[in-house]
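Numbering of ligands and ligand atoms starts at 1, following listing order. Because only heavy atoms are used, hydrogens play no part in the values below, and waters and symmetry mates are left out as well, while side chains stay in. Every value quoted in this text rests on a predicted model; they were computed, and no experiment measured them. Heads up: numbering here begins at 1 and tracks the sequence.
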Amino acid sequence: MDDCIFCKICAGEIPATVVYENDQVIAFEDLNPQAPVHVLVVPKEHHANLLDDVSAAELAEVVAAIGEVARAKGLSDRGFRVIANTGADAGQTVEHLHFHVLGGEPLGEGLIP
Ligand code: 5GP
Ligand code: ZN
């Protein structure tokens with residue numbers, strides 16, 4: 001996708017602070033962090049969101065990468081939250097599938113503010 005920010009990050013055309021990467025997935029620091037740890041886990045293949053023909057194999061890669069990020073960021077023991085905004089009501093702003101990994105402090109009991 002020519003005009004997709006996250007495709008450009010995957011291709012190394014836009015800089016990002018990479019936390020973890022393999023052939024299928026990249027994880028990098030969010031530009032506008034909402035918690036002490038805020039990492040985006042992104043499949044390298046372009047999908048608009050979770051409803052855009054995502055395979056089980058890709059999702060398995062994402063889950064494995066979330067584990068790598070949690071370990072790299074010291075979240076394994078204390079815990080963290082994963083969010084995938086999907087569509088307008090969720091406030092999705094970047095139309096390339098991504099998973100927010102948030103943590104580093106107590107995030108509160110509510111799922112949404
Ligand atoms: P969404 O609202 O779509 O779920 O989340 C998009 C996220 O991407 C936001 O948290 C935003 O801060 C982040 N973001 C947008 N553009 C960039 C960018 O160019 N680099 C990085 N690292 N994060 C970005
Ligand atoms: Zn893309």
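Interface of Asn85 with ligand 1, defined as ligand atoms under 4.0 Å from a residue heavy atom, comprises 1 (P), 2 (O), 4 (O). For ligand 1, the atoms closer than 4.0 angstrom to any heavy atom of Gln92 are 3 (O). For ligand 1, the atoms sitting less than 4.0 Å from at least one non-hydrogen atom of Phe28 are 21 (C), 22 (N), numbered in the order shown with element in parentheses. Here is the list of ligand 1 atoms found below 4.0 Å of a heavy atom in Gly91: 2 (O).
Among protein heavy atoms, the minimum distance from atom 20 (N) of ligand 1 is reached at Ile9 CD1, 3.8 Å. Regarding atom 7 (C) of ligand 1, its nearest protein heavy-atom neighbour is Asp30 OD2, 3.5 Å. In terms of protein heavy-atom proximity, atom 15 (C) of ligand 1 is closest to Val94 CG2, 4.0 Å. The protein non-hydrogen atom at the shortest distance from atom 19 (O) of ligand 1 is Ile5 CG2, 3.5 Å. Counting only heavy atoms of the protein, atom 17 (C) of ligand 1 lies nearest to Leu31 CD2, 3.9 Å. In this structure, the protein non-hydrogen atom closest to atom 5 (O) of ligand 1 is His98 NE2, 3.1 Å.
Considering just the N/O/S atoms of His96, the one nearest the Zn ion (ligand 2) carries the name ND1. The Zn ion (ligand 2) is closest to atom ND1 of His46 (considering only N, O or S atoms).
For the pair Thr93/Asn85, no side-chain contact is recorded, criterion being any heavy-atom separation below 4.5 Å from C-beta on. Between His38 and His100, the closest side-chain pair of non-hydrogen atoms falls below 4.5 Å. For the pair Phe6/Leu40, a side-chain contact is recorded, criterion being any heavy-atom separation below 4.5 Å from C-beta on. Looking only at side-chain heavy atoms (C-beta outward), Phe99 and Val62 come within less than 4.5 Å of each other.
Follow the hydrophobic side-chain contacts under 4.5 Å out from Val19 and you never reach Phe28; the two are in separate clusters.
Without hydrogens or angle criteria, His47 side chain to Asp52 main chain gives a donor-acceptor distance under 3.5 Å. Under a 3.5 Å cut-off, the side chain of Lys44 and the backbone N or O of Asn22 do form a donor-acceptor pair. Between the Arg78 side chain and the Gly104 main chain, a donor and an acceptor come within less than 3.5 Å of each other. Judged by distance alone, with hydrogens and angles left aside, the side-chain atoms of Gln34 form a donor-acceptor pair with the main-chain N or O of Asn32 at under 3.5 Å. Without hydrogens or angle criteria, His96 side chain to Pro43 main chain gives a donor-acceptor distance under 3.5 Å. At least one donor-acceptor pair closer than 3.5 Å links the side chain of Gln92 to the backbone N or O of Ala48.
Contacts between Phe6 and ligand 1 below 4.0 angstrom, taking non-hydrogen atoms only, involve the side chain exclusively. Contacts with ligand 1 closer than 4.0 Å are made by heavy atoms of both the backbone and the side chain of Asn32. With a 4.0 Å cut-off on non-hydrogen atoms, Ile14 does not touch ligand 1 at all.
No heavy atom of Glu95 sits closer than 4.0 Å to any atom of ligand 1. Residue contact annotation: Ala16 has no non-hydrogen atom under 4.0 Å from ligand 1. Contact between His100 and ligand 1 is present, with at least one heavy atom of the residue lying under 4.0 Å from the ligand.
For atom 3 (O) of ligand 1, the choice among Thr86, Thr93, Leu97 with the nearest heavy atom turns out to be Thr93.
Below 3.5 Å of separation, one finds no N or O of Leu40 facing any N or O of ligand 1. Between Glu29 and ligand 1, at least one N/O pair is under 3.5 Å apart.
Here the straight-line distance linking atom CZ of Arg81 with atom CG of Leu75 works out to 12.5 Å at 0.5 Å rounding.
Among Val41, Leu50, Thr86, Leu51, the one residue that satisfies the side chain to side chain contact (heavy atoms under 4.5 Å, CB included) test with Leu97 is Leu50.
With a cut-off of 2.8 Å, the Zn ion (ligand 2) has no N, O or S atom of His47 in range.
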